[in-house]
Number of protein chains: 2
Amino acid sequence: MHEHEDAFREFLAKRGLKLTPERRLILEEVFRQHDHFEAEELLFRMRQRKVRVSKATLYRTLPLLVKAGLLREEVFGERHLHYEHVHGRKHHDHLLCLSCGKIEEFFDETMEQLQEQICARHGFAPTGHTLEIHGYCKDCRKRRG
Amino acid sequence: MHEHEDAFREFLAKRGLKLTPERRLILEEVFRQHDHFEAEELLFRMRQRKVRVSKATLYRTLPLLVKAGLLREEVFGERHLHYEHVHGRKHHDHLLCLSCGKIEEFFDETMEQLQEQICARHGFAPTGHTLEIHGYCKDCRKRRG
DNA sequence: CTCGATGCAAAGTATTTGCACCTAT
DNA sequence: ATAGGTGCAAATACTTTGCATCGAG
């Protein structure tokens, strides 16, 4: 699976930046995640695997991966960022459970089209969006009656 | 316009909390804003008006106003919160311009209904949502051709 | 060989908390 | 009276930055 590494290398080369071992290790770990994650979480997992990269380098690398289009930045109302890699994942939106904290994903084509229409009405050229619905998930509704 | 104060007092009383002068001053300033604002910004404006409330009290009061349903919390991708009061304002979503930082508001009934449908499909009981579309506004598109 | 990159620790930013004193109910 | 509230300053959480050294291209 060197496809991401190649993409990253190309992105870096284009702006005179270098693909260092550290950046490669971070990229590797990012794509090992199968869900949303936070910076500190990633660092912790790398340390568990005995992979050592400084916090500073991690914080310097994540934005690069976002700019390279390999990572997506999500804001979940907390005061730190969440990320998710883009490996063959289509865009999707989120349902956040206020009770158990679970994050469900969904995709709805009608929703996407509707947003295009709204933007057109405002003369707005969209580059992306975030839709986050807060509430209570199926399980938590059952649990509390 | 004591209607908000009454609502806040009722909210507080219900849980054995008190309506102090400081809380009243913060509430007053919140409804003096006609747009989104940040905690530090509000504090600054209060200081300009020679109204003195400690930072700690402000940070302790804002969440109360949110819980009381008088203030809405918005997350604009930055790492600090934005607020907007709810005085007779209907729910709306946002268009964020990446170039000039302008925030346009919009409301679309079809969008609201569509979200209800999506939630129903997932057995999810929504309490609210945030939809933020990022891109370039009409003016900035003109400016850059 | 030359910039860009790294690690460390110190500095920032936004927000929260402990504590001694104060006050709305 | 008394539980809750206040200001202050110290603490926290997350992220950024300065600097001396290192290493990819």
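Chain naming here is simple, since letters A, B, ... match the order of the sequence lines and numbering starts at 1 in each.
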Side-chain N or O of [X] closer than 4.0 Å to phosphate OP1/OP2 of [N]:
X: B:Tyr59; N: C:dT15; answer: yes
X: A:Arg23; N: C:dT6; answer: yes
X: A:Thr20; N: C:dT6; answer: yes
X: A:Thr57; N: C:dG7; answer: yes

From [options], nucleotide with atom closest to [X] side chain:
X: B:Glu40; options: C:dC8, D:dG5, C:dT15; value: C:dT15
X: A:Val53; options: C:dG7, C:dT17, C:dT23; value: C:dG7
X: A:Arg60; options: D:dC8, D:dG18, D:dA3; value: D:dG18

[X] [atom1] to [N] [atom2]: how many Å, rounded?
X: A:Glu38; N: D:dC14; atom1: CD; atom2: P; result: 7 Å
X: A:Arg52; N: C:dC8; atom1: CZ; atom2: C1'; result: 14 Å
X: A:His82; N: D:dA13; atom1: NE2; atom2: C1'; result: 13 Å
X: A:Leu58; N: D:dC14; atom1: CG; atom2: C1'; result: 12 Å
X: A:Leu19; N: C:dG4; atom1: CG; atom2: C1'; result: 13 Å

* To do: Map B:Pro21 and A:Ala39 onto DNA chain D by nearest heavy atom, then report which one ends up closer to the 5' terminus.
  => B:Pro21
* **Whichever of B:Lys18 and B:Glu22 has its nearest DNA chain D nucleotide further upstream toward 5'** => B:Lys18
* To do: Kindly say whether, by distance alone, the side chain of B:Arg15 makes a donor-acceptor pair under 3.5 Å with the base of D:dG4?
  => no
* Within the modelled atom types, does a donor on one side and an acceptor on the other bring the side chain of B:Lys55 and the base of D:dC8 under 3.5 Å apart? -> no
* Nearest 0.5 Å please: distance from the CD atom of A:Glu112 over to the NE2 atom of A:His92. => 11.0 Å
* Got a sec, which residues hit side-chain hydrogen bond (donor to acceptor under 3.5 Å, both in side chains) with B:Thr57, two or more places apart in sequence or on another chain? -> B:Ser54
* **Counterpart residues, side chain to side chain contact (heavy atoms under 4.5 Å, CB included), relative to A:Phe44 (two or more places apart)** => A:Gln48
* Asked: Any Lys/Arg nitrogen of B:Glu22 or B:Arg52 sitting under 4.0 Å from an Asp/Glu carboxylate oxygen of the other?
  -> no
* Structure fact -> Closest non-hydrogen atoms of B:Val53 and B:Arg47, given as atom of the first, atom of the second and distance, are O-NH2, 3.6 Å
